[in-house]
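Along the sequence shown, residues carry numbers from 1.
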Amino acid sequence: MANLVSELLRHGIYTRIVGKHIQYHEKIDSTMDEGRRLAMEGTENGTLIVAENQHNSRGRLGRVWLSKPGNIYLSLVLYPEIDLLPAIGIISSLATARSIERATGLNTEVKWPNDILVNGKKVAGVLMECSLEEARVLYVVLGVGINITFDTSDLSELSDTATSLTSELGAEVNRAFILRNFLHDFDNLYQSAMTGIVPLEEWKLKMQTLGRVVTVYSDDSCYTGVAEDIDEYGSLVLRFPDGQTSVFSSGDVSLNTTTF
Ligand code: BTN
């Protein structure tokens with residue numbers, strides 16, 4: 001299988017922040033762990049770690065993220081100001097969604113907070129791990145996993161909820177093109193976010209969750225209501241049947257078939 005970073009660099013990347021320093025691993029525990037190790041050594045802002053395979057990869061909320069060769073697994077090390085943290089979640093899922101659409105023509109949706117779906121099934125996920133000291137960010141490791149060829153059909157626990165771009169497109173997908181587009185988009189969006197510009201409206205338009213009855217799982221509890229809005233921090237505003245609202249900054253949602 002062609003080395004993804006060699007393929008990426010064959011046509012160059014044109015970024016100001018991300019990818020000035022790049023590491024490639026055939027196999028690693030997790031690009032998140034490598035990002036953390038590099039951050040603690042003070043690696044350059046925007047350091048990119050790409051792995052062909054990971055043997056200890058993780059997803060959000062302590063879940064396992066299965067890795068197999070042929071997909072995209074990356075982490076970025078960033079040193080943002082604390083105010084930028086909410087924007088990073090928004091722009092990373094948006095850049096992932098845009099890069100998938102550009103490469104495949106498939107329509108993407110975002111399931112709050114930042115799962116990327118095609119035809120209602122998850123094709124990509126974003127994980128953000130932050131190290132904070134009081135109100136200062138020491139570092140952020142941002143992880144993105146995109147299922148390019150991952151065949152979920154033999155995994156009964158995943159086949160209803162997850163898919164891959166190759167399965168949805170019914171044709172081969174150029175993963176280096178997706179990776180390059182992701183890096184370009186993320187780099188541009190990150191620079192804009194540093195000046196206070198975040199494409200919240202574009203993100204909300206992609207948000208499958210809005211206007212639907214959902215159950216939010218957060219801090220070991222679950223809450224059902226209408227996903228009414230996303231606030232400026234990317235938090236979900238849930239309206240309960242009694243008219244009250246709650247705002248969730250983290251958690252997971254499932255769509256309900258019932259209406260109020
Ligand atoms: C999610 O739960 O949706 C987030 C999944 C994030 C997976 C990526 S793959 C690259 C990086 N390394 C990991 O161990 N996890 C992230």
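Heavy-atom minimum distance, D185 versus R102: OD2-NH2, 3.3 Å.
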Candidate pair I148 and T166, rule side chain to side chain contact (heavy atoms under 4.5 Å, CB included), full reasoning
CA-CA 6 Å; I148 306 286; T166 311; 4.1 Å; yes
Test salt bridge (charged side-chain N to carboxylate O under 4.0 Å, His left out) applied to E34 and R37, step by step
CA-CA 5 Å; E34 183 61 13; R37 291 189 281 267; 2.9 Å; yes
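Side chain of S75 to main chain of I49: no donor-acceptor pair is present (N/O by atom type, distance under 3.5 Å, no hydrogens or angles).
Counted by atom type alone, N256 and T215 present one or more donor-acceptor pairs between their side chains at under 3.5 Å. Defined by atom type and a distance below 3.5 Å, a donor-acceptor pair is missing between the side-chain atoms of Y79 and E81. In this structure, a donor-acceptor pair under 3.5 Å is absent between the side chains of K122 and T161.
Within a 6.0 Å radius of CG in D242, more than 12 heavy atoms belonging to other residues, nucleotides or ligands are found. Summarising the local packing, OH of Y233 is surrounded by 12 or fewer heavy atoms from other residues, nucleotides or ligands at distances under 6.0 Å.
L210 is connected to L94 through a chain of hydrophobic side-chain contacts under 4.5 Å among Ile, Leu, Val, Met, Phe, Trp and Tyr, so both are in one cluster.
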Report all side-chain donor-acceptor pairs from residues 133-141 shorter than 3.5 Å, counting only partners two or more places apart or in another chain.
none

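When each of L8, I13, V144 is checked for a side-chain contact (heavy atoms from CB on, under 4.5 Å) with L179, only L8 meets the rule.
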